[in-house]
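As structure tokens, the structure follows; a few thoughts come after it.
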Amino acid sequence: MAPRNHKKWLESPNIEYISSECYNNEEIHNQEMEQIFSKVWVPMCHISEMYNKFQFRTTQIAGQNIIAWNTGDRVKAYLNNGPQQPSGKVWNDDTFGKELHCEIKHGGMVWVTLDPNPTQSVDQWTAGAFDCIAEAIDTEEMEVFHYHKAIINTNYKLWHDTNSEFYHDFMHYFNRVSGFNDEYFARKNIPFDNGHVNVSSFTVNYEEYDGFEDRGELSFPNLPPNQWYMVDLFPGFNFNLRGSAYRSDSVTPIGPNKVLIEFRGYGLKKDTKEERLTRIKHHNSIWGPFGRNLHEDLIGVAGQGTTMREGTETRRILHGRHENGTIHDEVGMRHYYAAWGNMLGVDPMRPLAA
Ligand SMILES: [Fe+2]
């Protein structure tokens, strides 16, 4: 094949693609805040972070300050713009702003939506995407043992993309040597309503990597040893179960080129001290800031973001791999951007077209 010149690169390809304008435009970002993040259910934290009365967590959804607190018998969430700042034990319904819909679902996550009249419950919104791990995360109470956050100069969707396409796994040396077997390539991407996808499991051979050990003994409940499931929840939440440890990622877009990502690691509440330490080690060895995998993803998406800044030449991001829904099939990407385009009322191939 002859080398492609600039003119050739600018031609429309005959396969599915989206425009890089989806990732770098202020107007698109503002629309996403209004039409996506203000409507969806957001998993803002985990119940184990606020077990006791008056414990609370805050976040921002679509630029609004949110607080969720434990009243003693339930969790209530509010817009955090009330007349008083949180102080002491005087909280009541007048302390904050408007009360928001809040549910605890899917392994104890605290879900909040800005939508005053949500048409779907959390279960309806997630549409079955958690079914594959429900028995593992809902049988025993979980507990957060790890939290860190990263502010990355990239678009939030690039983070979700990296959890949704697996050809980038070739970038991860650890994954290559421990995971690339026939079963890995047979994993299926399964789309669910509302833009969600999950990735079916396979068995990871941790012993293939020097210094790592089999993780079967501490597998989550009802999970065969050394499995690895992922749930990619629209528009930017990821749940990742690797046998003995569970991780969630939540994005808070700050602008078209800036995202806050919060990472949590979970064990079981009933863990002994020794079990917990082993889980923490398993978690950190892959997903901690000095692990074998997570920082590589962050470097990857920061680089992708740099190549797509506003002012760079518009380019096309191809989503054309069709491989029977197996691991490198881009069905998850196509599914996500179809839902994204629908909610924004734009065509992801030309999102700025009038
Ligand atoms: Fe990755």
Side-chain angles (χ1 to χ4, degrees), residues 23 129 132-133 146 148-181 183-190 196-206 208-209 212 215 226-251 259-266 282-308 317-319 321 323 326-337:
Y23 294 93
C132 62
I133 55 170
H146 172 93
H148 80 277
K149 55 190 172 186
I151 295 177
I152 305 292
N153 290 326
T154 199
N155 185 271
Y156 78 92
K157 294 189 293 301
L158 288 169
W159 184 252
H160 201 65
D161 292 354
T162 211
N163 283 323
S164 309
E165 53 77 3
F166 287 85
Y167 36 88
H168 87 272
D169 250 350
F170 283 99
M171 178 177 76
H172 298 306
Y173 176 73
F174 167 77
N175 283 4
R176 269 185 279 141
V177 297
S178 64
F180 279 20
N181 51 29
E183 267 187 78
Y184 173 91
F185 291 103
R187 293 175 91 184
K188 287 272 184 176
N189 293 287
I190 303 159
H196 315 312
V197 176
N198 71 35
V199 183
S200 66
S201 185
F202 81 114
T203 307
V204 183
N205 300 316
Y206 289 104
E208 297 291 314
Y209 190 82
F212 276 50
R215 292 164 179 216
N226 298 316
Q227 299 297 294
W228 176 12
Y229 279 102
M230 284 187 86
V231 177
D232 289 315
L233 212 71
F234 184 90
F237 311 107
N238 175 260
F239 301 85
N240 202 328
L241 179 57
R242 259 183 185 263
S244 54
Y246 186 60
R247 157 186 152 200
S248 69
D249 306 353
S250 286
V251 299
V259 60
L260 165 70
I261 315 171
E262 293 175 280
F263 302 94
R264 288 175 171 83
Y266 306 77
H282 288 175
H283 172 276
N284 288 353
S285 63
I286 301 172
W287 296 326
F290 302 99
R292 296 284 170 186
N293 177 313
L294 188 82
H295 59 293
E296 292 169 349
D297 285 321
L298 292 175
I299 292 167
V301 299
Q304 287 176 300
T306 304
T307 67
M308 293 186 206
I317 292 91
L318 308 182
H319 291 168
R321 286 178 80 150
E323 297 169 5
T326 53
I327 193 68
H328 290 172
D329 190 317
E330 283 165 307
V331 57
M333 304 286 275
R334 293 188 294 271
H335 186 65
Y336 177 99
Y337 284 94

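All figures in this text were calculated on a predicted structure; none of them were measured in a lab. Order of appearance sets the numbers: ligands from 1, and atoms from 1 within every ligand.
Checked by atom type, the side-chain pair H168/D161 shows no donor-acceptor distance below 3.5 Å. For the 3.5 Å distance criterion, the side chains of Y173 and E296 fail to qualify, holding no donor opposite an acceptor.
With rounding to the nearest 0.5 angstrom, the CD1 atom of I190 is 5.0 Å from the CG atom of N198.
Nearest heavy-atom pair, A302 versus I152, reported as atom, atom and distance to 0.1 Å: CB-CG2, 4.2 Å.
Aromatic ring centroids of F170 and F180 lie under 6.0 Å apart. Taking the six-membered ring where the residue is Trp, the centroids of F263 and H283 are separated by 6.0 Å or more.
Distances under 2.8 Å from the Fe ion (ligand 1) pick out the protein N/O/S atoms H168 NE2, H172 NE2, D297 OD1, D297 OD2.
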